[in-house]
Amino acid sequence: MLEDADKRWLRQELGKRVRFDEPMLQHTYFRIGGPADAWVEPQNASQLKVILEWAQKKDIPYLMIGGGSNLLVRDGGIRGLVIHLGRMSAGVEWVQKGETVIVSAGAGIPTRHICTLALKHGWLGMNFALGIPGTLGGAIIMNAGTAHGCMADVIEKVMVMTSSGEQIEVQRQSLDYRYRRLRLPTALSGTATASAVLMAAHISLKPGDRDEIRDQARQWMQGRARKQPSWQPSAGCFFKNPSDVQPAGRLIDEAGLKGYTVGDAQVSPKHGNFIINRGKASAADVLAVAARVREAVKDRFDIDLEPEVRIVGEEKTGA
Ligand code: EPU
């Protein structure tokens, strides 16, 4: 897909901030994924703008990724550019206005940094996200959440760069938050292969009692550690919960699928909604496990499970 002239242009523009045929397993929590044609880490907004304009002009697809925590990359890898904003994360700033603390942060900042900051200052609102891996940008786009809340609860506004390089602020009332998904206004969102890029966000928190917030954090973190296979490579919960009263983990458990294995991919014996990589699992192994899980839950409960994990890239062809 990328021609030599494209590679030369990217190298000239980005220097060491572009790598070709980059194994995506190095960038996903699953530790799975074929090569990306080019892995691109712009250092600032103007460099990002130049790259987006070039990609549009050349009709080269690009995909934004955050921390790779909720991502399954197929074994054939990704054609075009994979853009990661981790290198351009601006610092985190905050300002208190009456009973509200507004925290502004770049999309490439790890979500845990905001959680830690809130704990340090005794701000209410971010504890729900403790233990959610990945970047703030990824968490916002996925409307990441737990039983205790989700990103939609705390977002004040987001700053996006459209696929034509224009920087726009979108206030919370114009954001269409769904379960584990954020939809930007249609006019801004672009297409699947050339989407708007989330650059930064303002988060709205409340001053609270620091000790109470810390106690709550400890309890919630302990709950997660008890229930989830946190130390094994995975993409977190693989399926969306069909409803609060029918969590996917319980349905999969009751369908008898815990421990079901294909290659090195396995339904976690600890939590039914985690598919874990026990070593050298391929994306095909994970997808085979997921297909069996869906089939079993459909047969037993007549419920269609929908992946929460974002699945991208091409299947591997040939030997
Ligand atoms: N359950 C079972 N068997 C299992 C797993 C769960 O019976 O194997 C039961 C539990 O006993 C509980 C219910 O199912 O009664 C719900 O389980 P849990 O409390 O573990 O929560 P969850 O709904 O499975 C959600 C989020 C998690 C988040 C936790 C903690 C989704 C899809 N998952 O899990 O988020 O960490 O709450 O608040 O919303 C993620 O998004 O990647 C993720 C892991």
Side-chain angles (χ1 to χ4, degrees), residues 28-32 65-73 110-112 114-115 118 124-155 177-182 213 215-261 265-278 286 289-290 292-294 296-297 300-301 303-312:
T28 61
Y29 276 54
F30 246 141
R31 316 291 303 158
I32 292 173
I65 79 156
S69 57
N70 201 38
L71 189 68
L72 177 64
V73 179
T111 309
R112 69 169 187 282
I114 313 290
C115 296
L124 273 168
M126 275 312 280
N127 268 359
F128 79 88
L130 284 160
I132 291 184
T135 61
L136 183 65
I140 293 172
I141 293 288
M142 298 303 298
N143 191 16
T146 61
H148 306 295
C150 61
M151 292 309 294
D153 301 337
V154 293
I155 290 299
Y177 265 116
R178 307 282 172 95
Y179 173 62
R180 301 290 173 265
R181 190 154 68 99
L182 163 67
I213 295 169
D215 281 350
Q216 184 190 60
R218 207 167 297 121
Q219 275 176 30
W220 289 359
M221 287 298 280
Q222 281 167 356
R224 271 179 87 117
R226 216 175 33 244
K227 289 183 193 164
Q228 299 181 359
S230 328
W231 50 273
Q232 283 169 304
S234 78
C237 284
F238 196 89
F239 296 101
K240 295 178 182 176
N241 283 343
S243 76
D244 289 345
V245 290
Q246 289 173 312
R250 186 188 298 152
L251 297 174
I252 295 164
D253 192 351
E254 287 176 4
L257 266 291
K258 273 180 159 176
Y260 178 77
T261 305
Q266 183 182 61
V267 177
S268 164
K270 196 169 179 185
H271 192 299
N273 201 9
F274 281 68
I275 299 178
I276 53 174
N277 175 6
R278 298 205 301 167
V286 172
V289 168
R292 176 72 195 111
V293 164
R294 289 178 84 160
V297 169
R300 174 89 192 263
F301 302 104
I303 291 176
D304 287 307
L305 289 180
E306 214 189 301
E308 179 191 301
V309 169
R310 187 177 175 206
I311 302 168
V312 299

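For ligands, and for the atoms within them, numbers begin at 1 and follow the listed sequence. When reading the values below, keep in mind they use all heavy atoms of this one structure, side chains included, and skip hydrogens, waters and symmetry mates.
For the pair N241 (side chain) and A248 (backbone), a donor-acceptor distance under 3.5 Å is present. Side-chain atoms of N143 come within 3.5 Å of backbone N or O of A152 as a donor-acceptor pair. A donor-acceptor pair is defined here as one N or O able to donate and one able to accept, closer than 3.5 Å; such a pair exists between the side chain of R224 and the backbone of G131.
Of the polar atoms of A235, none of the N or O atoms is found under 3.5 Å from an N or O of ligand 1, judged by distance alone. Checked by distance only, ligand 1 and Q228 come closer than 3.5 Å through their nitrogen or oxygen atoms. Polar contact check, F239 against ligand 1: no nitrogen or oxygen pair lies under 3.5 Å apart. Between H271 and ligand 1, at least one N/O pair is under 3.5 Å apart. Taking any N or O of N241, backbone or side chain, at least one lies under 3.5 Å from an N or O belonging to ligand 1.
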(request) Start with the C-alpha distance between M126 and I132, add both sets of side-chain angles, then the distance that settles side-chain contact (heavy atoms from CB on, under 4.5 Å), and finish with yes or no. (result) CA-CA 11 Å; M126 275 312 280; I132 291 184; over 6 Å; no
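Once rounded to the nearest 0.5 Å, the distance linking CZ of R112 with OG1 of T135 reads 11.0 Å. A distance of 7.5 Å separates CD in Q232 from CD in Q266, rounded to the nearest 0.5 Å. Once rounded to the nearest 0.5 Å, the distance linking CD1 of I140 with OH of Y177 reads 5.5 Å.
Contacts between Y179 and ligand 1 below 4.0 angstrom, taking non-hydrogen atoms only, involve the side chain exclusively. Under 4.0 Å from ligand 1, not a single heavy atom of E254 appears.
For atom 32 (C) of ligand 1, the closest non-hydrogen atom on the protein side is E308 OE1, 3.1 Å. Given atom 3 (N) of ligand 1, the protein heavy atom at minimum distance is D253 OD2, 2.8 Å. Shortest contact from atom 13 (C) of ligand 1 to any protein heavy atom: P247 CG, 3.4 Å. For atom 37 (O) of ligand 1, the nearest protein heavy atom (residue, atom name, distance) is A147 N, 3.7 Å.
Residue T146 holds the heavy atom nearest to atom 30 (C) of ligand 1 of all those in I132, T146, N70. Residue nearest to atom 34 (O) of ligand 1, selected from G134, C237, G149: C237 (by heavy-atom distance). When H148, M142, R250 are ranked by how near their heavy atoms come to atom 9 (C) of ligand 1, first place goes to R250.
Of the residues listed (Q219, R218, Q216, H148), the one engaging N127 in a side chain to side chain donor-acceptor pair (under 3.5 Å) is Q216, and it is the only one.
Side-chain contact between R278 and T261 is present, with heavy atoms from C-beta onward closer than 4.5 Å.
The heavy-atom pair separating A296 from L257 by the smallest distance is CB-CD2, 3.4 Å. Minimum heavy-atom separation, H271 to P229: CB-CD, 4.1 Å. Heavy-atom minimum distance, F274 versus S234: CD2-OG, 3.6 Å.
Near G236, meaning under 4.0 Å from one of its heavy atoms, ligand 1 places the atoms 42 (O). Every atom of ligand 1 with a heavy atom of K227 under 4.0 Å away is listed here by number and element: 19 (O), 20 (O). Here is the list of ligand 1 atoms found below 4.0 Å of a heavy atom in G145: 35 (O). Of all atoms in ligand 1, numbered sequentially from 1 with element shown, those under 4.0 Å from a heavy atom of R180 are 39 (O).
Contact analysis leaves A248 out of contact with ligand 1, as no non-hydrogen atom separation drops below 4.0 angstrom. Under the 4.0 angstrom criterion for non-hydrogen atoms, F274 is in contact with ligand 1.
A salt bridge is defined here as a Lys NZ or Arg NE, NH1 or NH2 lying under 4.0 Å from an Asp or Glu carboxylate O, and D253 with R250 fails to meet this definition.
Contact annotation for atom 41 (O) of ligand 1: protein present (non-hydrogen atoms, distance under 4.0 Å).
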